[in-house]
Amino acid sequence: MTTHLTRRTMLSLTAAAATLPFAGRSQAADKVTLRLSTPASDTDQRAVALVQKFGPAVSSFATFEPHWNATLFKQGSELEAIARGNLEMAITSAQELAVFMPEFSIFAAGYVHQSAAHQVKVFQDPLMDPFKKKVEDELGVKLLSVMYLGRRQLNLRKPKSELTVMKPEDLKGVTLRMPGTDAWQFLGRALGANPVPMAFTEIYTGLQTGAIDAQDNPLPTVVDAKFYEVTKQVCMTSHLVDLNYLAMSKKVFDKLGAEQQAALQKAADDTADFGRQNQLKKEDELVAFLKGKGLDVYEPDLAAFRSHVQKAFLSSDLAAAWPKGLVDKINALGA
Ligand code: KDO
């Protein structure tokens, strides 16, 4: 599932897409069809928010057609699909964008974002403008809103009695599934584990068969994807306050009238807000749920994880691509 496209290929793809006829608009109803592809399931809070808020809010001029569980495009190939003119919308990530624009890895680095509110402040701050512009210019993708995925935690097959994870050293030799891009794999190594790439839709079976020892995701995902059925513990590292971006083809967006564009932007922001509130509530409630299912849920030595992960990122090749002074600017927007 690793994306092999280079930035140069992307530039030629967007140029080719610009010459295609406008494929998304159905002539009969004169409504634009907005197909969204994501690995998320239909019960994920981002999906619920999109169906309840986004679809209805744009229905006077657009038909929103979501495809869940990576059934339309596989995880990690959505940006390419939009750039080629084959898809209108996706839920993408900083890690996926970093494949094409390495500086995006700053938003994928462990212990950088501090909270859901901090993510919103960063996304709305002028510091994001050059990032957003580059994505539009080079991929033909418009980042509409920032969606809250949640605090990522370590979720392991072995019970705590067999493996207690207090420090990064305790993860030595643990095969940790991470999504397939470099920024993700780096995070897995920075945590002290042995990361392996695997698509989201394969995690459950990977845990069930023992192909992997662990996976990381926020608690709502652990529950939504039923990973608790095939794991025995959650170590609450909160190593990444994870975000996704609601993304759209810029070409499709630009074809809309000014009022429609404003309505669509508001719909995206309302959707992200609604999903964020629901996700935060779930994160709070689900510790009890998971304990009720028999899992050990506990906090490790957070200071040890934070310093290990931060040190790894700051001295990495990834950080070499970060604009100078940006970490300080991001920190200044935090609590
Ligand atoms: C995952 O593959 O672990 C991940 O959580 C990565 C996110 O960026 C996002 O793609 C998410 O999966 C999917 O939306 C499924 O929840």
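In each ligand, atom 1 is the first atom listed, and ligand 1 is the first ligand listed.
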Under a strict 4.0 Å criterion on non-hydrogen atoms, which protein residues are in contact with ligand 1?
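Residues near ligand 1: T38, P39, A40, D44, R46, Q75, S93, L149, R152, R177, P179, W184, F200, N217, N244.
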
If you look at every heavy atom in R157 and V230, which pair is closest and at what distance?
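Nearest heavy atoms, R157 then V230: CG-O, 3.9 Å.
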
In terms of ring plane angle, is the pair F186 and F313 parallel, tilted or perpendicular, where the classes change at 30° and 60°?
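Taking F313 first and then F186, their aromatic rings stand perpendicular (interplane angle over 60°).
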
Listed partners of K250 passing salt bridge (Lys or Arg N to Asp or Glu O under 4.0 Å), at least two apart
D254

For K266, salt bridge (Lys or Arg N to Asp or Glu O under 4.0 Å) partners two or more places apart:
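Here the qualifying residues are D270.
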
We want to know whether Q277 and Y148 form a side-chain donor-acceptor pair, criterion being a heavy-atom distance below 3.5 angstrom.
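On atom types as modelled, these side chains do not qualify, holding no pair under 3.5 Å.
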
Non-neighbouring partners of F123 that pass ring-ring contact (aromatic ring centres under 6.0 Å, His included), sequence neighbours left out:
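Applying ring-ring contact (aromatic ring centres under 6.0 Å, His included) to F123 gives Y245.
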
